[in-house]
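Read through the structure below, which is laid out as structure tokens, and then see the notes.
Along the sequence shown, residues carry numbers from 1. Remember, it's 1-based here, ligands and their atoms both numbered in the order they're listed.
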Amino acid sequence: MEDSPASNFLQNIVSEDLASGRVTEVVTRFPPEPNGYLHIGHAKSISVNFGLAEANGGRCHLRFDDTNPEKESQEYIDAIQADIRWLGYTWDGEVRYASAYFQQLYDWAVYLVEQGNAYICDLSPEEAREYRGTLTESGRNSPHRDRSVEENLDLLARMKAGEFDEGARVLRAKIDMSAPNMNLRDPILYRIRKVSHHQTGTDWEMYPTYDFAHGQEDAIEGITHSICTLEFEDHRPLYDWFLEHLPVTGRPRQYEFGRLNPSYTITSKRKLKQLVDDGVVGGWDDPRMPTVAGMRRRGYTPAAIRKFCDMIGTTRGDGVVDVAMLEFAIREDLNENAVRGMCVLNPLKVVLTDYPQDKLEELSVAAHPNRDDLGSRVLPFTRELFIDADDFRAEANKKFKRLVLGKRVRLRNAYVIEADEVIVDDVGNITAVHAHTIPGTLGENPSDGIKPKGVIQWVSASHGKRAEVRLYDRLFNHQAPDKGDNTFMDCINPDSLHVVHAAWIEPSLAVAVAEQGFQFEREGYFVADRYDHSPDKPVFNRTIGLRDTWNNV
Ligand code: ATP
Ligand code: MG
């Protein structure tokens, strides 16, 4: 965990509250609605909420905000918990559910009715919209606003008993139909929904709204700082109104910060779900998805995601963050920690004609150039090798610092070789290159002084392994796929996935454990696929290239 408290405006508020004694312990919560997988924006919210608690010796709850049963499911509940754990955070106590407070919320609804602060309204949704007024025009009181407490209590009880149809009636707070803040124009507290709930089954046929539920849940749990994103700023007066008008004990306060919107990314669960439902990606955890599960499968690390969340700070602005910052954090982490290996993506056979058929040298090389603690690996060197076809040319000018006929190149961690002859098939395709080794060049320059200009990766053809390598790139080719005139479905990068079925990898890579990350030298960072990789059938996903190639796009 980070040991220095993130210095941001929220930390300043917490520090003041602790200093003034308004709170003695910081209690925050992360309240996802289980209607999709967590994405990078949620990772930011998690880092803010868990981070603030952690930095101040407090606690953070995980509370599923499950007041919309139609769109929610156990699959999402399980995935969200797994993602939070994977990011390295631990919530305080048991998992909490808004639905566990349904009875208490209902009792408080009855209380508001008894106090004359809520009423049952029979306006249809269309009528209610019309009565609500606009930003520039005051609303009008519902004709049902002055029902007696007795009638309201009776109707509320019958609503709970399931006597009325969906949409027939709602419970509304009696606040002010001319309030400039539309959220205070007699907001809805309960609506009838005849759907079963993943936690409470068929116990309820009406469900509380977010506004009526959230602050009260915070109060029940003793939350001190209820942190949400800016779109809830206009809901804060309502949040406070309920706490003032109900006999609650806790007094949580709501604070807002700007949502994280990385470029080239969408962070709406509805749109992400559409990508899944329409088969644009393979699932919520497709490595191209900005979901936590997708980033995990792509080979992003929890440390890098957390670093990124810290790096971008927490502000009250809603700006776009360059996704290159996230990619920078990933590269930095993997450069530091990922073991090196060699992979040939586009194999071209090289036969070393001077090297005996049955000879095998097992070269011991460092797993990482400056991390002795990561140990070493064994590279089998043999007569037949694969190099990348792009690393060879029969003829080339001086700028091409790889293997050229009649010229030399260094095989990474092994010998310098010189190319002698090209073998072509009937149609003129190069099928192999014949070459010879320059003796005495293991870790040494050639004694004749003719130094090779470049270094290339290679894999033994007889001892290497065939692998599937999935080359992922950004899912969207527009930096703001769902802003302005853009339709996100029209901004899909057609080259976001290219599968190489017959790449060759050095043997040490085949025995990787699922989710282990590597730098394939000269190619980029790759991870053994979480589900499909096995030593017999190795599968790697490209996490990210070595450099940012999108710089000027
Ligand atoms: P939707 O995608 O339907 O708008 P949501 O993103 O608000 O939903 P929730 O499950 O309600 O999803 O979010 C849980 C918490 O994560 C909330 O406190 C929310 O403010 C926060 N959150 C969601 N998206 C972002 C984001 N892009 N940046 C920062 N925090 C976010
Ligand atoms: Mg939400």
Element-labelled atoms of ligand 1 that are located less than 4.0 Å from some non-hydrogen atom of T229: 19 (C), 20 (O), 29 (C), 30 (N), 31 (C)
Expected output: side-chain R331 to main-chain L546 donor-acceptor under 3.5 Å: yes
Partner of V321 by side chain to side chain contact (heavy atoms under 4.5 Å, CB included), out of I40, L260, L326: L260
Centroid separation Y207 to Y190 less than 6.0 Å: no
Aromatic centroids of Y89 and F50 separated by under 6.0 Å: yes
Per-residue contact class, H39 against ligand 1 - non-hydrogen pairs under 4.0 Å: side chain
D186 and R145 ion-paired at < 4.0 Å: yes
Ligand 1 to P31 polar contact by distance, N or O atoms, under 3.5 Å: no
N or O pair under 3.5 Å between E33 and ligand 1: yes
S268 N/O under 3.5 Å from ligand 1 N/O: no
Option set N68, V48, D318, L260, criterion heavy-atom distance to atom 27 (N) of ligand 1, minimum: L260
Of the listed options E231, R29, R259, K271, closest to atom 4 (O) of ligand 1 (non-hydrogen atoms): R259
Over-ring placement of K269 relative to Y37, 6.0 Å and 45° cut-offs: no
Under 3.5 Å: N/O of N261 near N/O of ligand 1: no
Near-ring test W284/Y76, centroid separation under 6.0 angstrom: yes
Sub-4.0 Å heavy-atom contact, H42 with ligand 1: yes
